Amino acid sequence: MTHLELTGSKMEVGTMEYPFGAIERKWQRLWKERRIVQAGDGLPKPKYYVLSMFPYPSGILHIGHASNYSIGDAITRLKMMQGFNVMQPMGYDAFGMPAENFAIAHNTHPRITTEESVTAMRHQFERMGFALHWDREVSTCRPDYYRWGQYIFKKLYENGLVYRKKSFQNWCVRCQTVLANEQVENGACWRCHTEVEQKELEQWYFRITRYTEELLDFSHVTDWPERVILMQKHWIGKSEGVEIIFPLQDDSRSITIFTTRPDTVYGVTFMALPPEHPLVQEWLEKEPDNQELHEFCHRVINKDKIERSTENTIKEGIFSGRYCINPLNGDRVQVWITNYVLIEYCTGAVMAVPAHDQRDFEFARKYDIPMKIVIQNPQQDLVIREMDAAYVEPGIMTASAQFDGRDSESAKHDIGKWIEENNWGRITSAYRMRDWGISRQRYWGCPIPIIYCDECGVVLVPDSDLPVVLPDEVQVGKTTQNPLLSVPDWINVPCPQCGKPARRETDTMDTFVDSSWYYARYTDPHNDQMPFDPAKADYWLPVDQYIGGIEHACMHLLYARFIHKFMRDLGWVKCDEPFARLLTQGMVLKDGAKMSKTKGNVVDPQYIIDRFGADTLRVYLLFASPPDKDVEWNDEAVMGSFRFLNRVWRLFETHTDLIVSGIMEGKKSDPAIPAIDADPNISGEFAHLRYMTHRCVKRWTEDCLNRMQYNTAITAIMELLNAIIAIKDTSDISPAEKAIFASACQVLPQLLYPFAPHLAEELWMLIGADNLLNDSGMPRFDERWLVLDTITYVVQVNGKIRGKLELPSDTTEQEIKTKALEVENVQIHIEGKTIRKIIVIPGKMVSIAVV
RNA sequence: GCGAAAGUGGCGGAAUUGGCAGACGCGCUGGACUUAGGAUCCAGUAGGUUUUACCUGUAGGGGUUCGAGUCCCCUCUUUCGCACCA
């Protein structure tokens, strides 16, 4: 753990700073008592639902959490000031392999460690001063939560969105479980980075592919980063093309392929099938003596799926001895079994056009398969013998019957139609995304509510028997297989249908299932009749502002959208998307790298909170960079935030009486607008302070509400503070000046509230407020005071600044031109030259073009 | 390879629509005060020169414009995502 370079002993001899510890604890207590987060269901106020991705309860509040929730809490407090009925709930994504692995390593039970961690984390969240609605806390590992996960599984099943399939799966040896495609990164487990192997298993799948088209449609989100939308679209990977049926020669069956290049269909010279293809499997059975074929297929199938699907794998194949017919031109086409076709994608078969596809080209060259040019390069005629790569660009069609001479790109659609008209196939789309495998062979997860009966087959657990409670009395880690297999009392149950002995499913669900609907559970977290009351969900959903890491772009955020759309189809929710606005916050880096225990560059937020306060940490995290960018941790710069808060504290401490009486003075002049406006005849530094006050409030408002750029909002506060402190002598000032000074100070607590709520609340009270800041409304500014009497014009000659000009704001354009030309330094630069043009930008500058 | 985002002082980063580049903070330099400190206050801080001023400067090169960090074209670098997807 890297601490600040500062030692504890130095702390003790340091000078006084504001008593943040006492202040923070006091307000944390008071907020809890006064329940500042309202979150009343259906309150007659506009609602605002702020949600930060719930954490895995590691027991330690990581700096990344601190950053994530500081953003969420800033938004929460802003929305409270705006008068919204705000909900900011918190819970725990508590199932999963880390808890189980930790329990194995420490010879304990995941339930014990998880609950301990939850308690520890709740304290740390409170110490950060987040305005969280603890009444709504959920934890996915508790039966009152996962009961409804099982219920949703059943609903999915009943709607044909769940199925079981045996196939080769990504298998992590370390985690002893299957991983979804989304959870494999560069051929390794996303969690433990162990290399993923292939294992044939029977698995439960969610048919997310039924929603592909809708998942591609982002028209119902209010504000999502373009980057995330693009990543999801890419992940779903829609390609438009044509499915074509190639009949086998001397056989009643056929091979269906998908292609995005129907324009090359006249150039097909072979078919490429993967060994897993049903036809190939059939041929293997028919020809038990074909040693070569058996050996090849066996070898390819058992090769690591990841390894097989990389570009640099050497293409291999074996001729099946069979042919099929190209329906468009009657060509006889060789059928090959290859290692470069993926069974999972589309129809699991490829029409090979070696002249116009690089992969097919390489393969055809290797095995001496004929090539046929059907797209000509308009620049230079292609000759097969001279080609050293496939010609994949568009061009002019040739040897393609009635399409000869046409531009290949524009002919694509007509060929598709021609194929449809002749019943050779159809125009369709293909998707990269596969169904979501949710089975995990681990103990610490939500049990799948399925029972296997010899008589009745696969039987759903009846609603009345839910939840299927995860048995606690399990020896975790004693076996290399699923620990649930060692609990016969739990596994062996009577069949709910026929009553005969049956067995429970021992797979548990991927934890991403748990997190796919938690945001909806928060709207009605204690409901024991249904997952949530649709009326309550209708009030709160969609989540107005969701905050989380980019790493979930193609996992959690995609799964949650899928489940949400399913719940909408059931009528449980009305909106089309779960998360209206999404903010992907950056990581906290140290020395340019992600913090990690192994690198030893972890900063402990608790250490900072104990020494400099939660307010300091929060201000630092938000000030260091915009919320969606990474924050570079810097020990020294944290001190800057601490000093800033200290300066604010000192200002209020030294001038308490002045501010309080100044506020009274301001109220006298205009009771409707407290303090902020006073004598219009003010000039000099107080006029400037008044201008700065209104300017900073305006900038803060825009940065907070429109731009969500809290670093510049904090900058605006610092600038106002500097402007106030710049006034050195307050001993002998007029009542109007006093009111201006006070109004500048009075607005500070409001401006600080989203970022440093404890100090802000303390100062608000100090200057005599009778409400809490969440009820104080938004700080106000008045355009009247943003209009300056004089404007500084910049004068450019040929684009270079040659002078400045102070002019009354009502100067006419003609006068401005005249004055600009009179500036001494301007005259030097235009002397002896011809003025071609003078451009006046009102309120800003004069640009003179000379030759 | 494909797709996307980004490149600004010693550092984090500002510059909202093309209009004073470097706000704000850190660090640094000098000074004041002193209870000798991670305190506070004052001055300075893009680089350069012949310093009331001028020149150069937002990865590099070109272009549009009275005017470009911002718009257009090319190149380079970095980061991220996808990667035999037919």
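Source: prediction; values computed, not measured. Reminder, nothing fancy here: chain letters follow the sequence lines and each chain counts from 1.
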### Query
Which residues satisfy the side chain to side chain donor-acceptor pair (under 3.5 Å) test with A:Y431, sequence neighbours excluded?
A:E213
### Query
Step by step, would you call A:Y367 with A:F270 a ring pair (Phe, Tyr, Trp, His ring centres under 6.0 Å)?
CA-CA 11 Å; A:Y367 292 102; A:F270 69 100; 9.0 Å; no
### Query
Side chain of A:S625: nearest nucleotide among B:rG38, B:rG25, B:rG13?
B:rG13
### Task
Ignoring backbone atoms, test whether A:N711 places a side-chain nitrogen or oxygen under 4.0 Å from the OP1 or OP2 oxygen of B:rA14.
yes
### Task
Answer yes or no: does a side-chain N or O of A:N722 lie under 4.0 Å from OP1 or OP2 of B:rA23?
no
### Side chain of A:R707 (C-beta onward), nearest among B:rA15, B:rC26, B:rC80
B:rA15
### Query
Side-chain N or O of A:Q232 less than 4.0 angstrom from OP1 or OP2 on B:rG3?
no
### Task
Determine the stems involving RNA chain B; a stem requires 3 or more consecutive pairs of the Watson-Crick or G-U wobble kind, each with both distances below 3.5 Å, and the answer is none if no such run exists.
B:1-7 with B:76-82, B:10-12 with B:24-26, B:27-32 with B:40-45, B:46-49 with B:53-56, B:59-63 with B:71-75
With 3.5 Å as the limit, what N/O pairs link the protein to nucleotides 65-68 of chain B?
unit_1	atom_1	unit_2	atom_2	d
B:rC66	OP1	A:K837	NZ	2.7
B:rC66	O2	A:S847	OG	2.4

### Query
Taking atom C1' of B:rA86 as reference, at what distance in whole Å does atom NZ of A:K412 sit?
12 Å
### Gap in Å between the two C1' atoms, one belonging to B:rG22 and one to B:rA46, rounded
7 Å
### Task
Look at the side chain of A:Y345 and decide which nucleotide, out of B:rA86, B:rG12, B:rA14, has an atom nearest to it.
B:rA86
### Query
Mind checking what makes ring-ring contact (aromatic ring centres under 6.0 Å, His included) contact with A:Y620, not counting sequence neighbours?
A:W633
### Query
Between atom NE2 in A:H234 and atom C1' in B:rA5, what is the gap in whole Å?
14 Å
### Task
Kindly say if A:T715 contacts the phosphate of B:rG13, meaning a side-chain N or O under 4.0 Å from OP1 or OP2.
no
### Query
How does protein reach along nucleotides 47-61 of chain B, written 5' to 3' as B (base within reach of a heavy atom under 4.0 Å), S (only sugar-phosphate), or - (no contact)?
------SSSS-----
### Summary
Rounded to whole Å, the CE-C1' distance (A:M231 to B:rA83) equals 14 Å
### Side chain of A:M845 (C-beta onward), nearest among B:rA86, B:rG19, B:rU16
B:rG19
### Message
A:R802 and side chain to side chain contact (heavy atoms under 4.5 Å, CB included): which single residue from A:V823, A:V846, A:N825, A:V794 fits?
### Response
A:N825
### Query
Excluding sequence neighbours, so at least two apart, what forms side chain to side chain donor-acceptor pair (under 3.5 Å) with A:T790?
A:E806
### Gap between atoms CZ and P, on A:F642 and B:rG25 respectively (whole Å)
17 Å
### Message
Quiz question: going by heavy-atom distance under 3.5 Å, is there a donor-acceptor pair between the base of B:rC20 and the side chain of A:K844?
### Response
no
### Task
Would you mind telling me which of B:rG38, B:rA14, B:rG25 lies closest to the side-chain atoms of A:F612?
B:rG38
### Query
Hey, is NZ on A:K819 packed in by over 12 heavy atoms from elsewhere, all under 6.0 Å?
no
### Task
Answer with yes or no after comparing the ring centroid distance for A:F644 and A:F623 against a 6.0 Å cut-off, counting only values under it.
no
### Message
Can you see if the side chain of A:R432 gets near the phosphate of B:rA83 - specifically, an N or O under 4.0 Å from OP1 or OP2?
### Response
yes
### Query
Between B:rA14, B:rA86, B:rC20, which nucleotide gets closest to the side-chain atoms of A:T259?
B:rA86
